[in-house]
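All residue numbers in this chain count up from 1 along the given sequence.
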Amino acid sequence: MELKEQKGSGLALIIGSILMIATMVLHPVGGDFNHLLSIVTIGMVSHSIAIISVPFVAYGFWGLTARLSSESFLSKVGFSIMFFGLIAVMIAAATNGIILMDFVKSYEEASKETLKSLAPIFVFIRSFNHAFDFIFIGAVCISTLLWSISIVRTKKLAVWLGWFGISISLLAVLFLTLGFVFVDLHGFRLFIFGWVAWVVAAGLCLLKK
């Protein structure tokens with residue numbers, strides 16, 4: 001892998017991480033219909049930033065996979081799993097931040113009776129969104145674990161990065177097993193901030209010669 005491409009991948013991971021952090025910072029807390037109506041703009045903006053981060057993160061992880069090419073099987077499987085995870089989080093962001101917000105705006109002048117009849121739709125959208133959140137969380141845990149094992153075995157990047165990735169992946173799985181809720185806003189923020197720390201570290205390692 002050429003040094004210029006490697007550095008480009010590292011930079012892409014860092015840019016993607018900044019965009020994900022911005023998404024979590026701006027992401028509003030949900031609530032009833034009137035509250036959702038009041039956060040339409042910020043909801044669309046924050047989730048649009050999340051969607052924009054996806055191609056940066058994908059390119060960055062493609063570079064990481066290429067860097068670990070001697071551990072071809074684990075790194076490529078990790079990239080394939082992450083690819084599906086990024087598609088899932090993009091769908092979740094589009095559903096929660098664009099489809100839901102546009103749907104809410106369409107009923108701005110609706111009566112209380114009409115809004116009450118929409119309750120099952122909001123439940124469906126929330127469940128739909130949570131399903132893709134779970135896919136993303138699972139993909140992140142597995143792919144990060146596979147890349148981290150590859151890093152430890154090949155030593156093509158700092159070994160501490162591999163052990164760091166293994167630790168946070170197993171810790172996330174342990175929390176899920178113990179019933180910790182990662183799909184509500186606070187749990188998802190905790191998960192993203194912890195994972196982004198590893199992504200930024202991986203980006204910085206790729207930026208080095």
Applying ring pair (Phe, Tyr, Trp, His ring centres under 6.0 Å), run through Phe132 and Phe136 and close with a yes or a no.
-> CA-CA 6 Å; Phe132 285 98; Phe136 173 68; over 10 Å; no

Take Phe79 and Trp147, measure what ring pair (Phe, Tyr, Trp, His ring centres under 6.0 Å) needs, and give me the verdict at the end.
-> CA-CA 8 Å; Phe79 181 77; Trp147 280 319; 7.0 Å; no

Start with the C-alpha gap between Ile166 and Ile149, add the side-chain angles, then the distance that decides, and say whether side-chain contact (heavy atoms from CB on, under 4.5 Å) holds.
-> CA-CA 7 Å; Ile166 291 171; Ile149 292 173; 4.1 Å; yes

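Ring orientation note: the planes of Trp62 and Tyr59 are close to parallel, at an angle under 30° on the 30°/60° scale.
To the nearest 0.5 angstrom, Leu146 atom CG is 14.5 Å from Lys76 atom NZ. The CG atom of Leu176 sits 6.0 Å away from the SG atom of Cys141 when rounded to the nearest 0.5 Å. With rounding to the nearest 0.5 Å, the separation of CD1 in Ile98 from OG1 in Thr95 is 9.0 Å. To the nearest 0.5 angstrom, Ile142 atom CD1 is 12.0 Å from Ile137 atom CD1.
Put simply, Ile99 and Met44 are part of two different groups of oily side chains (I, L, V, M, F, W, Y) that touch within less than 4.5 Å, one to the next. Phe175 and Phe193 fall within a single hydrophobic cluster, where Ile, Leu, Val, Met, Phe, Trp and Tyr are joined by side-chain heavy atoms under 4.5 Å apart, directly or via other members. Under the 4.5 Å side-chain contact rule for hydrophobic residues, Leu64 and Leu207 share a cluster.
For Phe103 and Phe122, the gap between ring centers is short of 6.0 Å.
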